[in-house]
Amino acid sequence: QVQLVESGGGLVQPGGSLRLSCAASGRTFPINGMGWFRQAPGKEREFVATISWNGGSTAYADSVKGRFTISRDNTKNTVALQMNSVKPEDSAVYYCAHSRKPSMSSDLSDYDYWGQGTQVTVSS
């Protein structure tokens, strides 16, 4: 079992920044890829960013590329999502997810454990 707990969500103004963090506990964290996904009301859960087990590879949704950065610290079992230049359309519940694979992946079906989510609201 892997437990994931997100934190850092909240209300932020357009153009501002926010940093989400995900703390993982349980087995095998350091050798698995990790990802961030989000879900807005009435919409399906969508891919945001992913990182390989050693942090050597990352990938982003086109909508956040150049604005968001995913990182991980395997010594602390944490994954972070730095969100810059946020837009109202970034508002959603953000979920941290643990992959079955060591590589990065944008496919929801590759993820077997999910956090409870943290709300991000971008509004003036």
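- Classified by interplanar angle (parallel below 30°, tilted 30° to 60°, perpendicular above 60°), the ring pair Tyr94/Phe68 is tilted.
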Discussion item. Using the rule given for side chain to side chain contact (heavy atoms under 4.5 Å, CB included), can you reason through Val79 versus Trp36, listing the C-alpha separation, both sets of side-chain angles and the distance that settles it, and then say yes or no?
Written reply: CA-CA 9 Å; Val79 179; Trp36 284 96; 3.5 Å; yes
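- Under a hydrophobic-cluster definition in which Ile, Leu, Val, Met, Phe, Trp and Tyr are linked whenever side-chain heavy atoms come within less than 4.5 Å, directly or via other members, Val64 and Leu108 are assigned to different clusters.
- Put simply, CZ on Phe37 and CD on Glu44 are 13.0 Å apart, with the number rounded to the nearest 0.5 Å.
- One N or O on the side chain of Asn74 and one on the backbone of Trp53 form a donor-acceptor pair closer than 3.5 Å.
- Looking only at side-chain heavy atoms (C-beta outward), Leu11 and Ser123 come within less than 4.5 Å of each other.
- Using a 4.0 Å cut-off between charged side-chain N and carboxylate O, Asp110 and Lys101 make a salt bridge.
- The side-chain heavy atoms of Ser103 and Ser57, taken from C-beta on, include no pair separated by under 4.5 Å.
- For the pair Tyr111/Thr50, a side-chain contact is recorded, criterion being any heavy-atom separation below 4.5 Å from C-beta on.
- One side chain, Thr75 or Asp73, offers a donor N or O that lies under 3.5 Å from an acceptor on the other.
- Atom CE of Met34 and atom SG of Cys22 lie 4.5 Å apart (nearest 0.5 Å).
- Between the CG atom in Leu81 and the CZ atom in Arg72 there is a gap of 14.0 Å [rounded to 0.5 Å].
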Worksheet entry | side chain to side chain contact (heavy atoms under 4.5 Å, CB included) assessment of Leu20 paired with Met83 | CA-CA 8 Å; Leu20 306 183; Met83 306 168 61; 3.8 Å; yes
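- In this structure, Tyr95 and Glu6 approach most closely via the heavy-atom pair CA-OE2, 3.3 Å.
- The aromatic ring centres of Phe47 and Tyr60 sit 6.0 Å or more apart.
- Residues Val93 and Val86 are members of separate hydrophobic clusters, defined by side-chain heavy-atom contacts under 4.5 angstrom among Ile, Leu, Val, Met, Phe, Trp and Tyr.
- Arg38 pairs in a side chain to side chain contact (heavy atoms under 4.5 Å, CB included) with only one of the listed residues (Thr118, Val48, Val120), which is Val48.
- Atom CE in Met104 sits 7.0 Å away from atom OG in Ser52 (nearest 0.5 Å).
- We find the CD1-CD distance between Ile70 and Gln82 to be 12.5 Å, quoted to the nearest 0.5 Å.
- Inter-residue side-chain proximity for Cys96 and Leu4 is flagged as met; some heavy-atom pair is nearer than 4.5 Å.
- The closest side-chain heavy-atom distance from Arg19 to Ser7 is not below 4.5 Å.
- Rounding to the nearest 0.5 Å places CG of Asn84 at 10.5 Å from CG of Asp90.
- Here Asp62 pairs with Lys65 in a salt bridge; the nearest charged N to carboxylate O distance falls below 4.0 Å.
- Smallest separation of non-hydrogen atoms from Ala40 and Ser91: CB-O, 3.8 Å.
- Remark: the Ser25 side chain and the Gln3 side chain contain an N/O donor-acceptor pair separated by less than 3.5 Å.
- Using modelled atom types and a 3.5 Å distance limit, the side chains of Asn32 and Ser99 yield no donor-acceptor pair.
- Between Ala23 and Thr78, the closest heavy-atom pair is CA-CG2, 4.4 Å.
- Both tests pass for Arg45 against the ring of Trp114: distance under 6.0 Å to the centre and angle within 45° of the axis.
- At least one side-chain heavy atom of Asp112 sits under 4.5 Å from a side-chain heavy atom of His98.
- When all heavy atoms are compared, the tightest approach of Ser85 to Arg67 is O-NH1, 3.0 Å.
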